[in-house]
Amino acid sequence: MEKIQKQLEQVVRQLFGNDLLVELTVAPEETGSDYASNVAMKLAKVAHKAPMMIAEEIKTELGKVSEGYTIEVAAPGFLNFALDEESFAKQVAEYAEVVDISSDEYSGKTVVTEFSDPNPFKVLHVGHFYTSVVGDAISRLLELAGAKVVRANFGGDVGLHVGKTIWALLQSNYSSDDITIEKIGQCYVAGTKAYEEDETAKDEITHLNKVVYALADLGEERSLERLEIEMVAEDFGISTAEVMRIAELYWRGRKLSYQYFADFYARIGLKFDKYYPESTVAGRGLTEVKAHIGTTYEESDGAVVYRGEKVGLHTRVFINREGVPTYEAKDVGLIFTKWDDWHFDESVVITGNEQSDYMKVVLASVQEYAPELVEHTQHLTHGMVKLPGNVKMSSRKGNFLKAVDVIDMIEHELAETSSEEARSRYSSLQGCAANLSRESGLSSEEPQPTSVDTKIILAAIKYAFLRYRMGGDIVFDPKESVSVSGNSGVYLLYSAVRAKKILQKLKNEEVNKKIVQEDELQYERKLNKKIVQYAEVVRGAVQEKAPYKLCNYLYELAQEFSRFYEHVPVAGSVRVSERKVMVQAYLNVMVHGLGLLGIEVPEAM
RNA sequence: GUGCCCGUAGCUCAGCUGGAUAGAGCGUUUGCUUGCGGAGCAAAAGGUCGUAGGUUCAAAUCCUGUCGGGCAUACCA
């Protein structure tokens, strides 16, 4: 394809002295060709000639150098290219050997990807699952393109939500020994409710929040020292015993939270290179913002704000009137900290789209005094995860879908299946759901080696998240995601496993000649055509940081293989050696592509 | 009010740096099981691409208006 493109560009330049962008696309099926170009029609305007005539001229000229393909002209001026069997065979044979599509677009570059970003003291919900899967897939794509990727995770270990939670924990008289991640989650909901409904509670929480900031500033060790505790107690006018309790609850809860995150990430096969708790960047953010008061930021109503209106945005508060840095200032601190840590060539931040304008304001402010950091930063956003039927989830009320619930839901869906036949078909999946639930007790930060069943369920979920274009809300349908047919991860896995089975069979093959039907060659050709497009698709997916493009391609590829599988015998055929190459190439591409999505292919299903 | 995102088949989505008859899956209807695993394959029905204009040889795609939905819009993250 690249060869055709180059030759075509050359001819266009030669004939028309014009180096406009020559586009080569995959030709529609009915044309019987493989690739198509519309240059002739684009040239019609500048050359003042009929498109068909231009196309014919190009065809004649290109025909002199063309090799391995034939050219046709179609109304109203398309140039269609059909590859010879040998050209296909050669390319497919390369994929059968090894999938080598690494590009150098990012070679030698450092990219920091930031995603997932859960807050300690809050529960991981389905949105974290989604953004984690998407962020990891994008990271993998960038790694393939040669980048050194640093997966970063930014989370609010200080902030109002912590104040609310600790307040409720104190109200419930919990000690640091008997809190669990579940109790913390419940107390966050209770604390939020009190904050909204009870003025006294609101004041207490605001005050408590400042105590927590002070303790976090000291760090775990110092904040538990007698001398420091006495000073904090004096500063905030509360008893040393109370400070002690708060400190213990805080550090214990924080530890439980980070362990809970690590456990979850390990279960889904993901590992972060760097955690940036907000407490570790808040100071830096405060310093940067304060240093630019009067130039970039200004004081207003006792707070420090940035007037986004001057660049078409809105005003946001960076330091509130209590002197506490808001999320804005912490994000400023994070940008500088990342820069100091990695000197990134690119920083990719992935969050929900509700933060779109927020991030613009933060970046616009930093742009004024550290433009080089902002120029290398890209903010990607995604929508919310919704359930079928437009079910809304509210995290404030606590009635939302937890990340682990996703797995439970699938288990539930499977159990609902009523027919005897289907039940037995699903039994292995049920087992794996149970397996995953059990694994929740594990506490290793390394990604867990996954069993066959776990691979299937993770594939189902990850694929269900990744197949949508990023940006808008997505609908997660548990039923469809484990669906054994259609555009699902399970379907892709199944098609790959079938290919494996064919290859295993061929190891002890007996030659049993079968006549090759004419239509079999059509299925071969279609499969080959699809396989050969892989490198191009990956390039596009990397460029646009769009894993969904890869998903779409892999699904179409699996479909093409399934058709081939149904209609074309491999074992025993006189074309067994040629077909073996195709199957091997298909399997290699599928395994490689799914790998880029963070999905593993099991040996059997 | 202002800004951003979205609107394509009953449902969920591709297609959007303009190109050939707008494509998939689910669901519905109908076929295919001595066969490398039927967790599959084949086929049918289903569309005024929200709507009205404009630009162009050519518009789902670009521009403008408009309607509908979502998000953001000062001390949460």
Side-chain angles (χ1 to χ4, degrees), chain A residues 21 23 25 27-28 30-31 36 38 41-42 44-45 50-51 74-78 80 117 119 122 154-156 159-164 192 195 278 300-306 308-309 312-322 324 326-328 330-331 351-358 360-361 381 383-384 388-389 395-396 422 425-426 429 456 467-469 471-477 479-480 483-488 490-491 493-495 497-499 501-506 509 548-549 551-552 555-556 559 562-563 565-573 576 579 583 604-605:
Chain A
L21 187 70
E23 282 178 290
T25 55
E30 319 79 60
T31 60
N38 61 1
M41 287 178 287
K42 292 208 160 154
K45 201 164 274 174
F78 287 102
N80 290 333
D117 295 352
N119 285 328
K122 287 171 85 171
F154 182 45
L160 196 54
H161 63 285
V162 181
K164 291 170 178 174
T192 302
Y195 184 86
E278 285 183 11
S300 169
D301 265 348
V304 178
V305 305
Y306 175 72
E309 285 78 5
L313 300 166
H314 60 271
T315 295
R316 295 201 74 97
V317 173
F318 282 65
I319 302 173
N320 71 19
R321 70 161 66 94
E322 307 286 335
V324 173
T326 60
Y327 189 43
E328 285 81 341
K330 294 172 194 165
D331 240 328
T351 73
N353 53 21
E354 73 280 357
Q355 296 196 26
S356 179
D357 285 358
Y358 153 82
K360 281 182 194 161
V361 176
T381 65
M384 286 194 314
S395 93
R396 287 169 55 237
R425 184 187 300 159
Y426 289 137
L429 286 177
I456 297 170
R467 53 180 279 233
Y468 299 102
R469 180 169 46 126
D473 291 348
I474 71 159
V475 173
F476 176 74
D477 187 336
K479 201 171 271 180
E480 215 169 272
S483 166
V484 289
S485 61
N487 192 352
S488 75
V490 179
Y491 175 81
L493 251 37
Y494 179 62
S495 76
V497 168
R498 279 173 134 186
K501 293 297 170 191
I502 292 178
L503 295 172
Q504 279 169 19
K505 209 95 183 174
L506 289 179
E509 71 186 270
Y548 82 94
K549 296 215 160 191
C551 289
N552 285 336
Y555 173 62
E556 287 167 12
Q559 266 188 318
S562 293
R563 289 174 189 140
Y565 181 92
E566 293 288 335
H567 299 98
V568 183
V570 178
S573 162
V576 62
R579 288 173 181 173
V583 175
M605 298 173 67

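Letters A, B, ... are given to chains in the order of the sequence lines, protein chains preceding strands, and every chain is numbered from 1.
The distance from atom CD of A:Glu556 to atom P of B:rG25 is 10 Å, rounded to the nearest whole Å. Atoms CZ (A:Arg467) and P (B:rU12) sit 12 Å apart, rounded to a whole Å. The distance between atom CD1 of A:Ile502 and atom C1' of B:rG35, rounded to the nearest whole Å, is 12 Å. One atom, NE2 of A:His567, and another, C1' of B:rC36, lie 15 Å apart when rounded to the nearest Å. For the pair A:Tyr548 OH and B:rC13 P, the computed distance is 14 Å after rounding to whole Å.
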Once pairs are restricted to Watson-Crick or G-U wobble with both distances under 3.5 Å, how does RNA chain B read as a dot-bracket string, [ ] for crossings and | for other-strand pairs? (((((((..((((.....[...)))).(((((.......))))).....(((((..]....))))))))))))....

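Judged by distance alone, with hydrogens and angles left aside, A:Asn487 brings no side-chain donor or acceptor close enough to the base of B:rA14 to form a pair under 3.5 Å.
With no hydrogens or angles considered, a side-chain donor-acceptor pair links A:Thr315 and A:Glu309 at under 3.5 Å.
Residues A:Ser488 and A:Asn552 both approach RNA chain B. Their nearest nucleotides, taken by heavy-atom distance, put A:Asn552 toward the 5′ side. Each of A:Tyr565 and A:Gln559 lies near RNA chain B, and the nucleotide nearest A:Gln559 is the one positioned closer to the 5' end.
In this structure, the separation between CZ on A:Phe318 and CG on A:Asp331 is 9.0 Å, given to the nearest 0.5 Å. Remark: A:Lys501 NZ to A:Met605 CE distance equals 11.0 Å, nearest 0.5 Å.
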Taking only nitrogen or oxygen atoms into account, show me every contact under 3.5 Å that the protein makes with nucleotides 74-77 of chain B, one pair per line with its distance.
unit_1 : atom_1 : unit_2   : atom_2 : d
B:rA74 : N6     : A:Arg307 : NH1    : 2.7
B:rA74 : N6     : A:Arg307 : NH2    : 3.3
B:rA74 : N1     : A:Ser300 : OG     : 2.9
B:rC75 : O2'    : A:Asn320 : ND2    : 3.2
B:rC75 : O2     : A:Arg321 : N      : 2.9
B:rC75 : N4     : A:Asp301 : O      : 3.4
B:rC75 : N4     : A:Arg321 : NH2    : 2.7
B:rA77 : OP2    : A:Tyr327 : N      : 3.1
B:rA77 : O3'    : A:Glu278 : OE1    : 3.4
B:rA77 : O3'    : A:Glu278 : OE2    : 2.7
B:rA77 : O2'    : A:Asn119 : ND2    : 2.7
B:rA77 : N6     : A:Arg316 : NH2    : 3.1

Got a list of protein N/O to nucleotides 55-61 of chain B N/O distances below 3.5 Å?
none

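Across B:rC71 and B:rG54, the matching C1' atoms stand 30 Å from one another, rounded to whole Å.
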